Amino acid sequence: MREELLDLYNNLYEEYGSQNWWPGEGLEIAIGAVLTQQTNWKNVEKALLQLKNAHCLNIDCLQKISIEELEKLIKSSGFYRVKARRLKNLIELLSTNPQPDRKTLLSIKGLGDETADSIMLYLFEEKYFVIDSYTFRIMNRLGLYNGKNYLELQRIFMNNLPSKLQLYQEYHALIVKHAKSHCIKSNPQCVNCALNKRCRYSIEQNKKSMER
Ligand code: SF4
């Protein structure tokens with residue numbers, strides 16, 4: 001598996017180059033990780049801009065602001081009522097514990113593995129491989145993993161890849177890039193995909209079309 005995962009990384013890197021992820025810096029990364037739950041990044045950007053214009057991209061303001069005001073500012077990110085409460089809880093934690101560990105982040109209601117690992121990897125620069133729906137989709141189509149278990153797939157990456165922060169950061173970003181540009185959920189662009197020679201899904205589709 002080590003070889004397959006490194007090959008995959010190299011193919012993606014050759015295709016797309018460095019992604020310079022995660023967007024934003026400092027606290028913005030943690031806020032973005034919460035806001036991006038169940039929405040796309042464009043909507044998150046709008047909410048971040050609203051927070052920025054209100055001078056509220058900082059712990060002090062986010063502690064003082066009312067839930068109602070916060071809901072208004074982050075409305076574009078969807079599920080804003082739930083997210084406003086999650087953000088408040090996260091800010092409360094960060095105000096007393098500026099660098100919590102993964103377990104402490106997960107103790108915040110509504111913060112799951114993916115959000116916690118995004119914060120750990122991109123804000124605190126701790127080596128946790130981030131798994132998301134794009135990772136499951138690509139690994140499944142390539143024929144490298146069939147399940148839906150976050151921690152199991154994370155272990156596969158972390159047990160097989162060299163333990164390097166930049167590699168973890170770049171790899172996840174490249175997976176997101178590939179899933180958005182080629183390995184699209186309902187309409188994968190296999191013909192011009194850099195991975196099509198080694199992809200189980202593409203090989204099976206080709207076989208089927210030859211049999212027709
Ligand atoms: S060949 Fe198709 S299914 Fe396979 S990784 Fe590329 S886009 Fe996805």
Side-chain angles (χ1 to χ4, degrees), residues 1-24 29 32-45 77-79 112-122 126-212:
M1 183 56 91
R2 181 186 161 87
E3 214 171 292
E4 280 99 333
L5 291 180
L6 284 173
D7 270 1
L8 174 58
Y9 175 78
N10 289 331
N11 282 170
L12 292 174
Y13 194 88
E14 272 167 31
E15 183 71 8
Y16 304 110
S18 174
Q19 299 299 297
N20 291 319
W21 246 37
W22 177 287
I29 294 174
V34 173
L35 295 181
T36 200
Q37 294 172 333
Q38 293 159 294
T39 192
N40 63 52
W41 190 257
K42 277 203 173 76
N43 294 331
V44 176
E45 276 178 335
S77 69
F79 303 98
D113 291 311
E114 183 189 335
T115 309
D117 286 334
S118 298
I119 295 172
M120 294 307 293
L121 182 65
Y122 293 104
E126 298 271 350
K127 286 170 279 179
Y128 287 92
F129 200 92
V130 178
I131 304 295
D132 60 4
S133 56
Y134 298 140
T135 322
F136 282 118
R137 184 197 303 160
I138 290 172
M139 290 292 282
N140 181 280
R141 284 178 172 168
L142 289 173
L144 295 175
Y145 179 73
N146 276 326
K148 269 279 170 196
N149 183 313
Y150 186 101
L151 294 176
E152 184 178 61
L153 185 52
Q154 183 183 51
R155 264 195 307 275
I156 291 174
F157 277 96
M158 291 176 67
N159 288 344
N160 286 288
L161 290 174
S163 181
K164 290 188 179 160
L165 178 70
Q166 263 198 323
L167 174 67
Y168 282 21
Q169 291 178 330
E170 196 67 73
Y171 207 147
H172 174 63
L174 286 166
I175 284 174
V176 173
K177 174 77 179 172
H178 184 61
K180 286 183 174 175
S181 62
H182 283 84
C183 205
I184 299 157
K185 189 174 180 183
S186 53
N187 184 23
Q189 305 295 303
C190 301
V191 175
N192 55 2
C193 172
L195 309 177
N196 62 11
K197 299 271 183 306
R198 49 182 291 178
C199 176
R200 186 181 62 184
Y201 176 92
S202 173
I203 293 166
E204 279 171 5
Q205 293 301 308
N206 284 340
K207 260 193 216 158
K208 276 185 200 162
S209 64
M210 303 236 302
E211 283 163 12
R212 272 184 220 130

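Just so you know, these numbers use all the heavy atoms, side chains as well, and skip hydrogens, waters and symmetry mates. Predicted model only: the values in this text are computed from it and were never measured. When a ligand or atom number is given, it counts from 1 through the structure's own listing order.
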Report task. Mind checking whether C193 contacts ligand 1 via backbone (N, CA, C, O), side chain (CB onward), both or neither, at a 4.0 Å heavy-atom cut-off? Result ->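 C193 to ligand 1: side-chain contact only, backbone stays beyond 4.0 Å.
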Query raised in the report: Under a 4.0 Å heavy-atom limit, does C199 contact ligand 1 with its side chain, its backbone, both, or neither?
Result: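 It is the side chain that gets close, since no backbone atom is under 4.0 Å.
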How far is [atom] from its nearest protein heavy atom, and which residue and atom name does that atom have?
atom	value
atom 2 (Fe) of ligand 1	C190 SG, 2.4 Å
atom 5 (S) of ligand 1	H178 NE2, 3.6 Å
atom 8 (Fe) of ligand 1	C183 SG, 2.4 Å

Query raised in the report: Could you walk me through whether Y150 and D117 pass the side chain to side chain donor-acceptor pair (under 3.5 Å) check?
Result: CA-CA 11 Å; Y150 186 101; D117 286 334; 2.7 Å; yes
Query - Shortest non-hydrogen separation from E170 to S18 and the atoms involved - result: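 What the structure gives for the nearest pair is OE1-OG, 3.0 Å.
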Quick check on contacts: which atoms of ligand 1 are under 4.0 angstrom from a heavy atom of [X]?
X	value
R141	3 (S)
S202	1 (S)
N196	1 (S)

**Report entry** No-hydrogen, no-angle side-chain donor-acceptor test under 3.5 Å, R2 and N159
**Finding:**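 The answer is no; no qualifying pair exists.
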Query raised in the report: Does K42 NZ have over 12 foreign heavy atoms under 6.0 Å away?
Result: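 Count not over threshold, so no.
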Query raised in the report: Any donor and acceptor pair, going by atom type alone, linking the side chain of N43 with main-chain N or O of T39 inside 3.5 Å?
Result: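 Here the side-chain-to-backbone pair does not exist.
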Query - N11 side chain vs L195 backbone, donor-acceptor pair below 3.5 Å - result: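 No, because the side chain of N11 does not come within donor-acceptor range (under 3.5 Å) of the backbone of L195.
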**Report entry** Interatomic distance, H172 atom NE2 to E114 atom CD [nearest 0.5 angstrom]
**Finding:**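 Separation between the atoms: 6.5 Å.
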Query - Metal site atom 6 (Fe) of ligand 1: N/O/S of H182 inside 2.8 Å - result: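 Not a single backbone or side-chain N, O or S atom of H182 is under 2.8 Å from atom 6 (Fe) of ligand 1.
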